[in-house]
Chemist: 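Dumping the structure here so I can ask a few things about it.
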Protein chains: 2
Amino acid sequence: MPDIAKLIGGKWKLIILQILVFRGMKRFNELRRMIDGVTQTMLTKQLRALEADGLVERKIYPEVPPRVEYTATKRAHELQEMFMAMHDWWVKENPPQKK
Amino acid sequence: MPDIAKLIGGKWKLIILQILVFRGMKRFNELRRMIDGVTQTMLTKQLRALEADGLVERKIYPEVPPRVEYTATKRAHELQEMFMAMHDWWVKENPPQKK
DNA sequence: CTGTATCCTTCATGATACTG
DNA sequence: CAGTATCATGAAGGATACAG
């Protein structure tokens, strides 16, 4: 019944949320480097959408050069269970390879 | 890391899977009636995609009129944990109303 | 460094009509 | 009953240039 897909449905939202939830605060370019293939434009768009949905908080420091920090909100942290269920499922489907 | 979004990302896939996983086998028009707003075209497409991803099984009975039954596969049932986590999150966010 | 503004392409969605 | 075929549309994604 939850239209969770609306919240995490974007192409980059899941990975963004997982980073912020499990690895804590990140700056814009940190996220950019951590997420392979994402462009500046798309990262901004998805972050704005997540912010509008109350899943990400954006903190701007009025410095030069500018610094902006992104953190997962309480609401996003409440999705941890779901992320972990996803992860468990993934591990079950793709058993770790022996080297 | 799982690109679970690819599997359940369609507009109707989540609801289809939840019905088949939690309520068991359904026929085509049963699903159609249970899912508000879905068209025949879209239901067919999403079911075909789910079938291709090994999440739904399609069983055709060579009768007249035709009968086709859809069931969730083992792979789909392994997503139960995730569905339940979604549900719990949803309930937490939208506390049941007192009448 | 962290954006915004355009513009363009692709793809999912869906309306409609027809079929065994 | 359970589809397929066709076509239209808009939203999502993304490349590029510019800005505070």
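Every heavy atom of this structure was used, including side-chain atoms; hydrogens, water molecules and symmetry mates were not. Predicted, not measured: the structure shown is a model, and the values here were computed from it. Letters A, B, ... are given to chains in the order of the sequence lines, protein chains preceding strands, and every chain is numbered from 1.
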Chemist: Look only at the side chain of A:Thr73 and the backbone of A:Gly54, and say whether a donor-acceptor pair between them is shorter than 3.5 Å.
Modeler: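 Between the backbone of A:Gly54 and the side chain of A:Thr73 there is a qualifying donor-acceptor contact (under 3.5 Å).
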Chemist: Scan side-chain atoms only and decide if B:Glu57 and B:Tyr70 contain a donor-acceptor pair under the 3.5 Å cut-off.
Modeler: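 Checked: B:Glu57/B:Tyr70 side chains show no N/O donor-acceptor pair below 3.5 Å.
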Chemist: Could you tell me whether the side chain of A:Glu30 and the main chain of A:Arg27 form a donor-acceptor pair under 3.5 Å?
Modeler: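 Flag set: sc A:Glu30 to bb A:Arg27 pair under 3.5 Å.
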Chemist: Within this structure, what is the CG-to-P distance between A:Leu47 and D:dG14, rounded to whole angstrom?
Modeler: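 So the two atoms are 15 Å apart, to the nearest Å.
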Chemist: If only side-chain N and O atoms of B:Tyr70 are considered, is one of them under 4.0 Å from the OP1 or OP2 phosphate oxygen of D:dC1?
Modeler: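 Answer no for this pair, as no side-chain N or O of B:Tyr70 is under 4.0 Å from OP1 or OP2.
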Chemist: Can you give the first and last nucleotides of DNA chain C, 5' to 3', that have an atom under 4.0 Å from a heavy atom of chain A?
Modeler: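 With heavy atoms of chain A under 4.0 Å away, the range is C:dC1 to C:dA5.
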Chemist: Separation of B:Leu43 atom CG from D:dC1 atom C1', in whole Å?
Modeler: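 Between C1' of D:dC1 and CG of B:Leu43: 13 Å.
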Chemist: Round to the nearest Å and state the distance from A:Lys6 atom NZ to D:dA11 atom C1'.
Modeler: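 In whole Å, D:dA11 C1' and A:Lys6 NZ are 12 Å from each other.
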Chemist: What does A:Arg32 touch in the nucleic acid at a heavy-atom separation under 4.0 angstrom: a base, only the sugar-phosphate, or nothing?
Modeler: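 If one applies the 4.0 Å heavy-atom cut-off, A:Arg32 turns out to touch nothing in the nucleic acid.
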Chemist: Round to the nearest Å and state the distance from A:Leu50 atom CG to D:dA12 atom P.
Modeler: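 One finds 14 Å between P of D:dA12 and CG of A:Leu50, rounded.
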Chemist: Using a cut-off of 4.0 Å on non-hydrogen atoms, how would the nucleic acid contact of B:Tyr61 be classed: base, sugar-phosphate, or nothing?
Modeler: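 Counting heavy atoms under 4.0 Å across all strands, no contact is made by B:Tyr61.
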Chemist: Would a 4.5 Å heavy-atom cut-off, applied to side chains only, mark B:Val21 and B:Gln80 as touching?
Modeler: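 When only atoms from C-beta onward are counted, B:Gln80 and B:Val21 do touch, with a gap below 4.5 Å.
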Chemist: Using whole Å, report how far CE of B:Met42 lies from P of D:dG3.
Modeler: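 Answer to the nearest Å: 15 Å.
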Chemist: What is the distance from CG of A:Leu14 to P of D:dA12, rounded to the nearest Å?
Modeler: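 It works out to 16 Å between those atoms.
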Chemist: Determine, for nucleotides 15-20 of chain D in 5'-to-3' order, which nucleotides have protein heavy atoms under 4.0 Å from the base (write B), from only the sugar-phosphate (write S), or from neither (write -).
Modeler: BB---B
Chemist: Do B:Phe28 and B:Met34 share a hydrophobic cluster, counting only Ile, Leu, Val, Met, Phe, Trp and Tyr and linking them when any side-chain heavy atoms are less than 4.5 Å apart?
Modeler: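 B:Phe28 clusters together with B:Met34.
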Chemist: Would you call B:Glu69-B:Arg58 a salt bridge at under 4.0 Å N-O?
Modeler: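 So B:Glu69 does not pair with B:Arg58 through a salt bridge.
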Chemist: Using five pairs at each end of the helix from C:dC1-D:dG20 to C:dG20-D:dC1 to define an axis, what is the angle between those two axes, to 10°?
Modeler: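 Roughly 50° between the end axes, to the nearest 10°.
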Chemist: Can you give me the closest heavy-atom contact between A:Leu43 and A:Val38, atom names plus distance?
Modeler: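 Nearest heavy atoms, A:Leu43 then A:Val38: N-CG2, 3.8 Å.
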Chemist: Looking at every strand, decide which applies to B:Glu69 at a 4.0 Å heavy-atom threshold: base, sugar-phosphate, or nothing.
Modeler: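 Counting heavy atoms under 4.0 Å across all strands, no contact is made by B:Glu69.
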Chemist: Remember a base hit wins even if backbone is also touched, and classify A:Glu30 as base, sugar-phosphate or nothing at under 4.0 Å, heavy atoms.
Modeler: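 If one applies the 4.0 Å heavy-atom cut-off, A:Glu30 turns out to touch nothing in the nucleic acid.
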Chemist: Just how far, in rounded Å, is C1' of D:dC1 from CZ of B:Arg58?
Modeler: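 From B:Arg58 CZ to D:dC1 C1': 13 Å.
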Chemist: Of B:Phe28 and A:Gln46, whose closest DNA chain D nucleotide lies nearer the 5' terminus?
Modeler: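 So the residue in question is B:Phe28.
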Chemist: With a 3.5 Å distance limit and no angle check, can you tell me whether A:Gln46 reaches the backbone of A:Trp12 through a side-chain donor-acceptor pair?
Modeler: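 Side chain of A:Gln46 to backbone of A:Trp12, a donor-acceptor pair under 3.5 Å: yes, one is there.
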Chemist: Determine yes or no for a side-chain-to-main-chain donor-acceptor pair under 3.5 angstrom, with A:Arg75 supplying the side chain and A:Asp53 the backbone.
Modeler: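 Yes.
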Chemist: Would you say A:Val91 ends up clustered with A:Phe22 if hydrophobic residues are merged whenever their side chains have heavy atoms under 4.5 Å apart, either directly or through other cluster members?
Modeler: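 Unlinked, A:Phe22 and A:Val91 end up in two clusters.
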Chemist: Quick check: closest heavy atoms across B:Trp89 and A:Glu78, and the distance to 0.1 Å?
Modeler: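 For B:Trp89 versus A:Glu78, the nearest heavy atoms are CD1-O, 3.3 Å.
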Chemist: Measure the shortest side-chain to side-chain distance between A:Ile35 and A:Ile19 over non-hydrogen atoms and say whether it is less than 4.5 angstrom.
Modeler: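 Of all side-chain heavy-atom pairs linking A:Ile19 with A:Ile35, at least one is under 4.5 Å.
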Chemist: Taking 4.0 Å as the cut-off, does a side-chain nitrogen or oxygen of B:Arg27 come that near to OP1 or OP2 on D:dC1?
Modeler: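 B:Arg27 to D:dC1 OP1/OP2: no side-chain N or O under 4.0 Å.
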